[in-house]
Engineer: 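Before I ask anything, let me first share the structure, which is written out below as structure tokens.
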Amino acid sequence: MSVTLPDAKSRLRCAHCGNLTRFDIVRSSRVREFWHLDMAGEPSVDETEILSETIESITCRWCGSPDRIEIVARPEFGGPTQEAAGDGGP
Ligand SMILES: [Zn+2]
């Protein structure tokens with residue numbers, strides 16, 4: 001499957017157990033960070049810009065399914081409003 005993240009109108013859903021809310025996302029990102037160091041030398045990241053990002057995998061937290069994750073509409077666009085009673089549970 002091609003792994004993509006949902007946009008503002010869509011969301012993830014596990015087609016196996018119906019989970020809508022809990023997923024493990026593995027992604028690798030190339031980022032530019034603005035490191036702001038204090039005089040003691042401790043850095044804090046003031047700004048992060050994502051230069052590129054690759055989604056490697058999406059896994060359901062309930063049932064562990066790595067290959068049944070689908071993208072569905074959000075509720076206001078006709079998508080599911082409840083998580084199905086699956087075999088997992090939170
Ligand atoms: Zn699942």
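Quick caveat: nothing in here was measured; it's all calculated off a predicted structure. Counting convention: from 1, in listed order, for ligands and their atoms alike.
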Engineer: May I ask you to check if any N/O/S atom from His16 comes under 2.8 Å of the Zn ion (ligand 1)?
Structural biologist: no

Engineer: Show me, pair by pair, the donor-acceptor contacts under 3.5 angstrom made by side chains of residues 50-58, not counting sequence neighbours?
Structural biologist:
residue: Glu53; atom: OE2; partner: Arg27; partner atom: NH1; Å: 3.1
residue: Glu53; atom: OE2; partner: Ser29; partner atom: OG; Å: 3.2
residue: Glu56; atom: OE2; partner: Ser28; partner atom: OG; Å: 2.9

Engineer: Please answer whether the main-chain N or O of Val72 pairs with a side-chain N or O of Arg11 as donor and acceptor at a distance below 3.5 Å.
Structural biologist: no

Engineer: Angle at the Zn ion (ligand 1), SG of Cys60 to SG of Cys63, rounded to 10 degrees, please.
Structural biologist: 110°

Engineer: Do Phe34 and Val45 touch side chain to side chain, with heavy atoms closer than 4.5 Å?
Structural biologist: no

Engineer: Tell me the angle that SG of Cys17 and SG of Cys14 form around the Zn ion (ligand 1), rounded to 10°.
Structural biologist: 110°

Engineer: Only pairs at least two apart or in different chains count here, so list each salt bridge (charged side-chain N to carboxylate O under 4.0 Å, His left out) that has a residue in residues 40-50.
Structural biologist: Arg32-Glu49

